[in-house]
Amino acid sequence: MNTATATRYAYYPGCSLTGTASEYDASVRLVLERLGVELAEIPGWTCCGASAAPAVSALLALALPARNLALAERDLPGCDVLAPCSACYLNLLTARQEARRDHRLHARVQEALEGEHLPWANAAPVRHLLDVLANDIGPARIAAAAQRPLAGLVLAPYYGCQTLRPYAAFDDPEHPTSMDAVLRAAGAEVLEWDKGARCCGASLSTTRRQAALPRIAEILRAAAGADAVVTVCPMCQMNLEAFQRQAGLPGPVAVLYLSQVLGLAMGLDPGQVQLGRNLAVPPGFLARLREVPPAPGEVVQATGTG
Amino acid sequence: MKRKHYAALVVGAGIAGIRSALDLAESGLKVALIDRRPNIGGVLAQLDHQFPTDACGMCKMLPLTSRDSSSQFCMRKGLFHKNIDILLHTELAALEGDPGKFRASLRQRSTFVDATRCISCGECARVCPVHVPNEFDSGLSTRGAIYLPVPHAIPNHYVVDLDRCTRCWSCFEACPTDAIDFKYAERKDFRVVAALPDAAARTDLGAWLADQNFPLVLAEDGAAALRALEEERTALLLLDLAVADVDPEKVMRRGLELYPDLDVILVAGPGDQDRAEALIQAGARQWLARPLERTVVRWLDHHYIRTVSDVTHELEVGAVVLACGFDCYDPAQAGQLWGRGVVPGVVTALEFERMCSGTGPTGGRLVRPDGRPARNLAWLQCVGSRDPARGADYCSGICCMFAIKEARLARQADPEAQATIFAMDVRTYGKDFQRYRDEAESRDGVRFVRTRIHSIEPDPEADGVPITWMDDDGTLRREVFDLAVLATGARPPEGSDRLAEAAGIALDANGFAAAPPLQPARTSRLGVYAAGAFNEPRDIAESVIQAGAAALNAARTFKVHSPPREEQAAPAPEYRDVTREAPRMLVVLCDSCPTLRTRVDMPSLAARLGGLSSVVRVECVQGACSAPGWQAVGALAEELRPNRILIGACMPYAYVPRLRELGAQIGLDPAFMDVADIYTPTFPGTATPGTALETEVYTALAMAAVKLAGAEPSPVLGRLPVTPRALVVGGGLAGMTAAMALADMGHDVCLSEKAPRLGGMAAAHHTLLGGGDPRRVMEDLAEQVMRHPNIKVFTQSRIMLSMGRAGRFMTALATAEGPAITVEHGATIIATGGREVVPDSYGYRVHKTVLRQSELEARLADGSLDTGALGGVAMIQCVESREEPRNYCSRVCCAAALKNALTLKERNRDLPVYVFYRDIMSYGFSERFYTEARGRGVLFIRYSPADKPRVSFGQDHRPTIAAFDPVLGRELRVTVDLLALSVGLEPGDNEDLAEVFSLPTGPDGFFREAESKWRPVEFLRQGIFVCGVAHSPRNMSETIASAEAAAQKAARILAHKDVVGGRVTAQVRHSLCSLCGRCVSACAYGARRIDLERGRVEIDELLCQGCGSCAAVCPNSAGVLTGFKDEQVLSVIDAALAEPTQPTEATP
Amino acid sequence: MTRSPLTLAADPALADAMREVRAMLAACMQCGTCSASCPNAQSMDMTPRRMWRLVLLGRADTVFSSGAFWMCSNCYACTLRCPRGLPLTSAMNALKRIAGASGHPALARHGAFYRAFLDNVRRRGRVRETEMMMRYFGAAGPREALRFTPLGLRMLRRGKVRLELGAGRWDTALAPLFESAARLEGKEARP
Amino acid sequence: MATIARIDIDETGPVRAVQGFLKTLLARGGVDAVLTPAHLVPAGTVMPTLISDPEALERADPLSPAFPLNAARLVSRLTRGSTSGRHVAAVLRPCEIRAFIELVKLNQGGLDNVLLIGLDCPGAMTNADFRVFGLEGDPLERTREFLRAVAGGESRPGGRSLAGACRVCEHPAPEGADLILGLHGADLDRAIPVLGNTARGEGVLTRLGLPDAPGAPGRREALDALTARNTAARDAMFEATAARTASLAGLAEYLSGCVNCYNCRVACPVCYCKECVFLTDVFDYKPDQYLGWARKRGAIKLPADTVFFHLTRLAHMSTACVGCGQCSNACPNDVPVMELFRTVAERTQGAFGYQPGRSPDEAPPMTVFREDEFSEMTGEAH
């Protein structure tokens, strides 16, 4: 685990964040900068294989993410690898964990990477954005940076699957809570619900839409009491925001990335966190956001920063 | 300190510990019994109901012979035995030395309540402001920081939970008898020197401790501290490592030099914590963080009181029995997984048990959290068991049965209750369990659903506990229950790692005590034994057996290794004959407690008592329970030489041993003494006002007085000399083990085996699940038996006739060689085993491709089976088993199947092996092998008894097995080369033996023990014991345990010169008896029979337990109980009734 | 599902292909936790439990004709909850892999998305989502494309979709890795 | 269906017919003697008599309204521990049979060597009444008159009331008998049906060679009517007695005439003790004790223990009480003992679902333990 002094991370945005989830990427970079965290993008990173590689090649499923870990190790030594995308995160983490568990596997992956003369010692820890926010940075620093706390806003923390499972790296994989403190630090209220770790259907929304829709509907219906659902994964974000009508939702439900929420709380305007790219930010949510009082003088005091 | 000597130390006073202790005590050995809890009884203190009776019945463990040595009341309330010393709130701190002469250090934590003063009035608990969950009710109710650990113990004293106590002193002030002792006055002897360089810290500490009564010296530097230390004796040195002028270590060393028991407490900040740690190695007690907070007051208070109140006991013990039981898995360890804390109505099995209890938080009603009746109930099995992901690759072995029991209890409590049990396998592997389960299903409508419930998700919409599961056919079902009961499994007891370290034993991978194979009671350390569930989760009956085995091993160790000690056997007390004397009664009233003194006019009470015709003197004594008070009683008795003594005091039970001593002192039979409780009516809250109270107290005394006046000396009956020899019937594993155990303890043994050679069924085993060489074990054992000088073996012998009773039997043996011989023996052990069933089904004996598991095992062992050439092997479990007429589980067949399947897979990895089963009974640690077999690719296919596998044979005799696979929802057909049948065990020819020894057998032909849980190796008929498969199917390890337990029971008789019954036994006045036989039917102990030849009712004084049922049903007092004569009873009633409250005249 | 009896006929080729999966699942005790935990079990034509059973019985034909494993969304709930600690999600992926590699057209169609994706990865280094989707539609057929049209338009409006055509900076970055992986896996495939 | 034969009645009347039946029984029924009520010579008093000479049966009169004692105890003496192989037939009233079965359960008699011939009971008179009614004129004629009056539904047959116990008797049919003389509803000028009620009874009946009867027409109706009438009377009696004895003071008043003569106990057929506890040393109080009581209460009635005596007997025997009424019959001071016993027995027998004398296979209460009973007291169930 990083100590508070290590504020530099090897940043692995992943393909989605360069495409459909560019708003996630933008807001992550902005927010972490404000929190005094340096993100050094892994030079020459490539795709982690997403959910496709394991379904096609067992070796590629590990070698693709391992290649990126090897790059980080070589070019950004000593840094933890930070991934905001849960699918990327899990692929990276799986490569790391499986190679640690099974040294023959490690050797095979090393062999695959040999063509590029890329050594991989498997030294760099893999961290999810949420992990870093909740545990390295911590609610206190977030609260301190939240100049425009989202008082009165009720948010439903949605973790998705691959953030939590199967490794249970930083949270309870059945009943996660790590986002609660982060959202509270942003001044928001947290919706008590039990769908935060439910599956959104993932790529089934592409391959088997009808199978995915009930998942999406179940989650969004349960979020009825919240002003918005907060995600930490582009896949979840896409599923929850793009298929609301097909899933039979009566009205639109706002779905935001966690980094966007934090950005808003830090006083960034919706444009800066690229709220306009979200597929589901109903006007009602924007109105609620405007109700949030502008930063008063005595901002929530940071407590016990230690 | 002088060490007290004991033959054995038993750690853990749950059911197994009590059983071990009693077993040892009854064979005349001194036992120290300790428990870390403030009460005895373990988990059973909380359980009111046990299957199969659905009642408690723990008292059935009490000794039936030499009954006067022990208390004879509810064992959940308490246990007194003259050979057992009980230390509660006590842990084993260290165990040094060798078997036979271990040195044990025990640490006893103080309860801060003086047991000699506490009258259990409850005033303290009433005023305690603390409310914390009450462990006894599994947290369903609350208690204070001063509380009764169990509501029913005798004597029952309040204890202080120091960690929860806020030290508000309310209880201290409320206590009418000054029983609560926080050592306030003694604080003036607890001098504290605080070396704090920081002035503010000194000021704060001074202020905080101002009214704490500790002599406090504040030193600003090291030099001042040294001066203060040398000045006067100091108990505690608070030393800040920031003192600069003198090296703090020097201060510390000087302090310890002056006062070796000085507590040195360091104060350290982030910079010098490492230093502090280092100094702790050098003698400091602990360190506190700088700056000191106000909480240091509480810390000091607790530290002080522990230091001055806790005591250490040093014992010398011959052997140690660890019986620490198990803890229930805490589902909260899995967070909210099972909805704990978030879904109301999710309870653990133990909580449910408390709800079923009449003394529980709901008074025995089953209610939902919202108060509505709970009717639809679910049990979730394997919570924390059979779950390698949660560190339990074992089956807890008990949960299936307690779930079924609870389901039946629920049904009893509310006939409309619906019970559903969610389980993967329903493990009803114990004796009679299968029928119990069948009854639950057929009579009580309990529904069994084959699935494992993974979690309970909260659903605010649901009116209750929503449970989702997947049915066999793949449909997802959801039902909302009023209560969901988590059948939480067994885990090693809290602190078992500490205990293991203290006792110097190894734990296994699961955290239980590691046991060597086929030595079920052993641990890794010689002389230290494991009883009960401490080395594998077990149910009550098996725990009791295991406890017996541990007791035997402990006794054997003591016998072999302990240095002979000159035990001055106390001579039997001589009592003078007072039967011809007119009653002269001394009445002593204890008036030390103000509750009595202030409410009752003692002189007037004394005067009224003096008016009773037999009373010669009434005296008041201060604190009869205290040593000086008791001396005063003794002095009065010496002076007056009365022939009746009545003591009015509190808690009569506490006086039993004292009366015995007093009797010996003044030569008066304790039957002529009694203690009447005169305090209960005076307790706050119960007291009736004024003269009514006095009358109540008077009546209590008068009743006791008239009863005593009519007392008759009752000589102990049934003293019968013991023939020091045991007859063991059966020379298999059980019989040989029992014989060896008894022979090793110096008893003669006669072993009868009907076959030409020793060995029995176990000799046919080639391999064991989990490794080991059973052949070797059996051959060695047989050789040892044959060679043992104390054992006489008769092979090819048969029992023809047996007569007599415990202590002296005469048995005739027919032998092959010559004429019948007669054996005289004091105890009998039946170990006749059983045999493997020969099935009629599935083509056995028709096709050579069909084998029994034992035959497969043999062929695998002798190499006659080429596993490489096999194309497939199938096994069918429960063949002709677990359904009428053989409706029981044989326990060994699943293990045999797993063993053979694993061997097959080991030899041919790719060999398909199919096991058709109903429930895999891999209970306890054998679950691991089930996991392993699955892991190696053995396919398990469940079938139901209504739709058994069908086997057909091809031209080549290859069997094809067709069965419905519930998971696939369709029929499955496999064609294999071999079909192995798991056929189970059946009893040997028990009926003849049952006839010869007048022993009962059960519905399946196994011998019927006295009581399935509490007396599993005994018969109602005293002196005859049963073990091994003759009792019920069991594996080799379990057989050994039962054999050792039976040997211990036999040794209990053989160890004494004579067998002694009880003082209070029934008698018959034959001249009045009409021989109607009602008393015979009413006797629960089978102690009475009508002797048709002599035309009279006969009583066996050893069997008679003096319960009085016979006297109650006899209409004309032909049946009487010594010590409870009708006249006495009538006089007592007289004394109780119609004493008008009138002013008493002056004493004449 | 047919109710005809299931006979365990030996089918060496398919059973062999599934051997790896069988080994992963061997310790399964059919408790059903996976199936009750699976968010997608309702969409499968057989429950995971039954599918695992068939895998263990070597019934490759039934397993692959069902294709329930394609419904796995990699949520890892089963993996997490399995009391035996079995890697069930990995087993699902393994089945997908075997199906894709079988060369059977019916099976191949299911795997089209994954192959299109990975093909894009191979060629581009980083996934170009738009390009990848276009290729997927090409393989999956026009109806699939039509299904996505409304979404595509919405995303286009939001600027989430960019049509990047032509060569990209990372195009050849993964070529060596894919080659060596193919070589290694090919090597291993040979006895 | 039970075998039914008939005893034809000629002009000599029903008693003679029954005597003829008993003679046949002695000759062909395999019995060595018959125990039956018979008139003693010359006084005509009716007493149970064991007859082995057929001639002596001329005096037998089981139909007489005399009921001097309950013969169950006598039958128990004839059967207890008998190994002689000789058999006895006993002609008994229903309440005698029930009492005998109770004694059998208590090992005081056996069923092996006795043939129980039960009477459809027309009721009986108290000893005092029978002395007035039965001893004048031809005794057999008096019996016939009595039977006619009863059959005619007269409430005071022969000008006398039936005994109190008989007026409230709800068991007028001898259910436990081997053979039943079906008097109820029979035309006593023509024939008495004989019903084989057990296998043994039917076997004997077959051997006797009596003419077959088509059935016992009218018997069921007559029994039902009688039972209904008596049950109503019984309930009224319960109510009255319960009211009188509701308190300890009421009970003491109720029993105030008791002189501790113990006649009721001696007359009681189910009081089987060899020696009553009230005759043992238990109640041998010391003089001091009496004086003590007197001092405590100011005054004490003597003999002491009268209420206690009855309470004890109720405790011991009420579950076995068959309601024969011999206790009241025996009381010199007309204490209504039967009424008290029956009222209490109604509750104690009801508590155990026990009906004394119903079957020898039912164990008496208190000798068996059933876990599920009295849960309201044991607190096992809620």
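Sequence lines set the chain letters: A, B, ... in the order given, protein chains first and strands last, and positions in each chain run from 1. Quick note: numbers below take in every heavy atom, side chains included, and nothing from hydrogens, waters or symmetry partners.
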Residue B:E932 versus chain C: region with a heavy atom under 4.5 Å: neither
Quick one: pull up NE2 in B:H454 and SG in C:C34 and give me the separation to the nearest 0.5 Å. 11.0 Å
Pair count under 4.5 Å, heavy atoms only, with chain B: among C:A27, C:S35, C:A23, highest is C:A27
Over all heavy atoms of both residues, which pair between B:T451 and C:C31 is shortest? Give the atoms and the distance, please. OG1-O, 3.3 Å
My understanding is that only residues two or more places apart in sequence, or in another chain, count here; which of them pass ring-ring contact (aromatic ring centres under 6.0 Å, His included) with B:F925? B:Y394, B:F512
So CE of C:M51 and CG of B:L968: to nearest 0.5 Å the spacing works out to 12.5 Å
Beyond-backbone contact of C:M29 with B:T931, side-chain heavy atoms, under 4.5 angstrom: no
Using non-hydrogen atoms and a 4.5 Å limit, figure out which bit of B:S455 sits close to chain C: side chain, backbone, both or neither. side chain
Heavy-atom pair count under 4.5 Å with chain C, highest-scoring of B:I941, B:T960, B:L337: B:I941
Which distance, rounded to the nearest 0.5 Å, do you find between the OH of B:Y914 and the CG of C:L57? 7.0 Å
I'd like to know if B:D472 and C:R49 make a salt bridge, using a cut-off of under 4.0 Å between side-chain N and carboxylate O. yes
Please tell me if the side chains of C:Q30 and B:R934 come closer than 4.5 Å, counting only heavy atoms from C-beta onward. yes
Which heavy-atom pair separates C:A26 from B:G935 by the least distance, and what is that distance? CB-O, 2.9 Å
Quick check: under 4.5 Å, non-hydrogen atoms only, which of residues 83-93 of chain C neighbour chain B? C:P83, C:R84
Contacting moiety of B:R386, where chain C heavy atoms sit under 4.5 Å: both
Within-4.5 Å side-chain heavy-atom neighbours: C:R59 and B:L972: no
